[in-house]
There are 2 protein chains.
Amino acid sequence: MSERVTIKSIAKDLGISHMTVSRALSNHPNVMKATRDAVKQRARELGYVKNAAASAMRGDETQIIGLLLPNIVNEFYAQFANTMALACEAKSLQLVIHLTGDNIANEEKALERLHQIQVQRVVMVPTPGKSEKSVLHLRDTSVIQLIRQRDIGRPTPTILVDDSPAIRDAVAHLAAQGHQRIAYIGADKELTSGRSRLAAFREGLKRTELTEIPELICTGGPSKEMGQTHARRILNEKRATAMVCGGFEISNGALGALMETGLQPSENLSFIGYGDPSFYTWVGRGISTVAVPVEPLAYKAVDLLTGRADPASDHIHRFVASLIVR
Amino acid sequence: MSERVTIKSIAKDLGISHMTVSRALSNHPNVMKATRDAVKQRARELGYVKNAAASAMRGDETQIIGLLLPNIVNEFYAQFANTMALACEAKSLQLVIHLTGDNIANEEKALERLHQIQVQRVVMVPTPGKSEKSVLHLRDTSVIQLIRQRDIGRPTPTILVDDSPAIRDAVAHLAAQGHQRIAYIGADKELTSGRSRLAAFREGLKRTELTEIPELICTGGPSKEMGQTHARRILNEKRATAMVCGGFEISNGALGALMETGLQPSENLSFIGYGDPSFYTWVGRGISTVAVPVEPLAYKAVDLLTGRADPASDHIHRFVASLIVR
DNA sequence: TTGAAAGCGCTAACAA
DNA sequence: TTGTTAGCGCTTTCAA
């Protein structure tokens with residue numbers, strides 16, 4: 001295994017001081033052209049790369065971006081991560097991805113490890129719950145919150161989805177079709193997003209003068225499983241004729257439950273999903289959904305990340321979701 | 001913004017030497033229990049975390065794993081990345097993800113940046129082409145190759161899919177249905193996987209005594225777009241009655257082209273995809289496909305990564321794909 | 001134009 | 001049991 005190539009090893013190789021090598025490689029003006037060329041040439045031959053740890057120790061920016069997501073299988077998160085990763089490639093940033101599974105302990109561990117490597121900025125979907133530790137680890141990091149908002153002890157820019165109109169539209173659409181028993185599956189009150197989506201659903205019922213049916217309103221920790229479980233129950237009980245989902249994971253879980261009945265989404269139960277993975281257009285006659293504009297969200301995150309917007313502000317950037325009826 | 005907490009700052013705070021702090025925090029035996037407790041207590045209060053850069057500079061392992069994938073939107077890669085990320089959480093490893101888009105220049109850049117941060121191990125889907133630079137950057141890193149195999153100047157463990165039987169089965173299945181004009185869209189000869197899948201397709205034709213139709217065999221750089229373009233053309237020309245895909249991206253691209261015709265996959269053209277994203281069961285009457293066991297692949301990668309298997313061997317780990325007819 | 005010294009945070013080795 | 005020194009790779013500051 002070859003020895004690590006450092007400015008010192010190059011200096012020794014060339015019989016000059018390591019400072020000259022350093023200056024040559026960083027294009028400092030005070031180096032003779034001949035020297036600089038020789039150094040660069042030799043560095044290339046030996047396969048020199050600057051040691052990031054040494055730079056970090058000196059206090060240089062680490063060029064590391066942390067991304068915390070519940071998972072990257074859900075197409076929304078996958079798309080978001082994909083776009084961010086491509087942007088990071090373009091800006092020569094390292095993207096470190098941690099999956100939280102929406103569990104706060106995982107979030108804390110992930111943030112601790114990012115703290116260790118002196119991460120520059122963090123984009124995160126905060127998990128349900130509160131965490132002192134997370135706040136502590138984020139003390140010296142600039143943070144962008146996504147989808148949900150949690151208090152981390154100081155203002156942070158936040159990228160939210162304004163889905164209330166679309167959710168109300170969803171209810172209105174179903175009501176117009178004659179549905180009276182509309183189920184809702186969404187995140188619970190732990191989450192800002194859970195609260196606002198449920199409120200929008202209720203508002204939708206109110207506006208269409210439908211009565212709220214408590215046993216058809218299911219909330220809980222947002223997960224695919226949770227969506228699946230509740231959807232199965234609702235399908236079994238046959239008390240609902242339509243269903244609205246309030247969450248990316250929940251939507252796919254519920255859709256899975258619906259599909260396993262072997263019937264088309266619209267025959268058994270009018271289904272309105274959340275998020276718009278590519279395949280929603282291909283399933284059955286197409287899955288109606290509350291579509292969230294993932295690319296704009298991701299570009300905004302990149303914008304905030306790369307300082308075209310002020311990362312220190314507590315501005316909330318809202319992106320409007322829209323109901324797609326298929 | 002608070003000052004960084006270091007062993008020295010804790011030492012000063014406590015009026016002892018930084019070495020005692022270091023020893024206390026790393027549970028070195030030669031520290032009085034009282035001292036150790038006091039140090040740990042204070043460290044917790046101040047929110048101390050060990051500086052990874054300093055550790056790395058001393059030559060400690062960086063606990064960083066690099067993952068190079070074409071993208072993470074395709075559900076196969078997303079699943080793989082998800083599983084690896086979870087495994088990395090469990091082992092307290094940092095997962096740095098780089099997307100190559102199957103472009104060799106991107107791969108080189110990604111590997112250079114991983115080299116800079118002294119990445120421990122790399123799991124990669126090698127891009128088409130050859131690269132001196134990649135070889136150089138991987139000189140001191142242990143590498144696991146995935147899906148495809150490229151010469152990087154020394155043996156590496158490799159995780160491959162043995163899809164030849166399934167692809168032959170696919171042709172046999174279509175032939176048994178009476179198809180005589182079967183198209184194939186797959187990666188080109190740049191890739192080990194491209195070569196072997198095409199060979200399997202041809203062998204399938206031979207075994208069923210079908211004639212190879214050159215204009216129905218499409219190869220090229222593997223991408224969603226490529227799959228879509230070729231599938232569109234084939235659908236337009238109406239020369240084929242069936243289609244077999246040889247690649248994850250290609251399969252989704254081709255499926256997209258098929259779906260945009262507005263007809264069910266089996267009505268227009270018998271379609272056999274590659275990889276088995278969850279939604280293939282939900283589209284039309286279900287999409288037949290060459291299913292690749294993604295979880296076992298990912299677990300094997302983790303196994304190799306965490307040393308339960310020998311990462312220095314050049315062993316090829318093959319996972320058998322199977323034809324799923326829906 | 002080049003070089004020597006110092007220091008970022010950490011721990012092995014040696015000293016007390 | 002605790003402390004001092006040195007050095008990992010790099011660049012800033014000062015000296016030649």
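In what follows, chains carry the letters A, B, and so on, assigned in the order in which the sequence lines appear, proteins first and then strands, with residues in each chain numbered from 1.
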Within 6.0 angstrom of A:Lys109 NZ, more than 12 heavy atoms from elsewhere
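Atom NZ in A:Lys109 is crowded, with more than 12 foreign heavy atoms closer than 6.0 Å.
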
Salt-bridged, A:Asp102 to A:Arg148, with N to O below 4.0 Å?
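Looking at A:Asp102 and A:Arg148, the cut-off is met.
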
Set of residues satisfying salt bridge (Lys or Arg N to Asp or Glu O under 4.0 Å) with respect to B:Glu45, sequence neighbours excluded
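B:Arg42.
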
N or O in side chain of [X] less than 4.0 angstrom from [N] OP1/OP2:
{"X": "A:Ser55", "N": "D:dC10", "result": "no"}
{"X": "A:Lys8", "N": "D:dG7", "result": "no"}
{"X": "A:Ser22", "N": "D:dT11", "result": "yes"}
{"X": "B:Thr35", "N": "D:dT2", "result": "yes"}
{"X": "B:Lys33", "N": "D:dT1", "result": "no"}
{"X": "B:Ser17", "N": "D:dT2", "result": "no"}

I need the [atom1]-[atom2] distance between [X] and [N], as an integer number of Å.
{"X": "B:Glu3", "N": "C:dG9", "atom1": "CD", "atom2": "P", "result": "9 Å"}
{"X": "A:Arg23", "N": "C:dA4", "atom1": "CZ", "atom2": "P", "result": "11 Å"}
{"X": "A:Ile7", "N": "D:dG7", "atom1": "CD1", "atom2": "P", "result": "16 Å"}
{"X": "B:Asp60", "N": "C:dA12", "atom1": "CG", "atom2": "P", "result": "8 Å"}
{"X": "A:His18", "N": "D:dG9", "atom1": "NE2", "atom2": "C1'", "result": "8 Å"}

Which part of the nucleic acid, if any, lies within contact of B:Asn30, taking any heavy atom under 4.0 Å across all strands shown: a base, the sugar-phosphate backbone alone, or nothing?
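If one applies the 4.0 Å heavy-atom cut-off, B:Asn30 turns out to touch a base.
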
Want to settle it: does A:Lys50 or B:Val31 sit nearer the 5' end of DNA chain D, counting the closest nucleotide to each?
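Its nucleotide being nearer the 5' end, the pick is B:Val31.
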
Both B:Met19 and A:Val49 contact DNA chain D. Which one's nearest nucleotide lies toward the 5' end?
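Its nucleotide being nearer the 5' end, the pick is B:Met19.
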
Between C:dT11 and B:His28, counting only base atoms on the nucleotide and side-chain atoms on the residue, is there a donor-acceptor pair under 3.5 Å?
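No such pair is found, so the answer is no.
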
Nucleotide nearest [X] when distance is taken to its side chain, options [options]:
{"X": "B:Arg58", "options": "C:dG3, D:dG9, D:dC8", "result": "D:dC8"}
{"X": "A:Asn51", "options": "C:dA12, C:dT2, D:dG9", "result": "D:dG9"}
{"X": "B:Met32", "options": "D:dG9, D:dG3, D:dT1", "result": "D:dT1"}

Closest heavy-atom contact between B:Ile152 and B:Val135?
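The pair with the smallest heavy-atom distance is O-CG1, 3.5 Å.
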
Quick check on DNA chain C: between A:Gly59 and A:Ile16, whose nearest nucleotide comes earlier from the 5' end?
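First, find each residue's nearest nucleotide; the 5'-ward one identifies A:Ile16.
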
Please confirm whether the backbone N or O of A:Arg113 pairs with a side-chain atom of B:Gln94, one donor and one acceptor, at under 3.5 Å?
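Yes; judged by distance alone, with no hydrogens or angles, the pair exists.
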
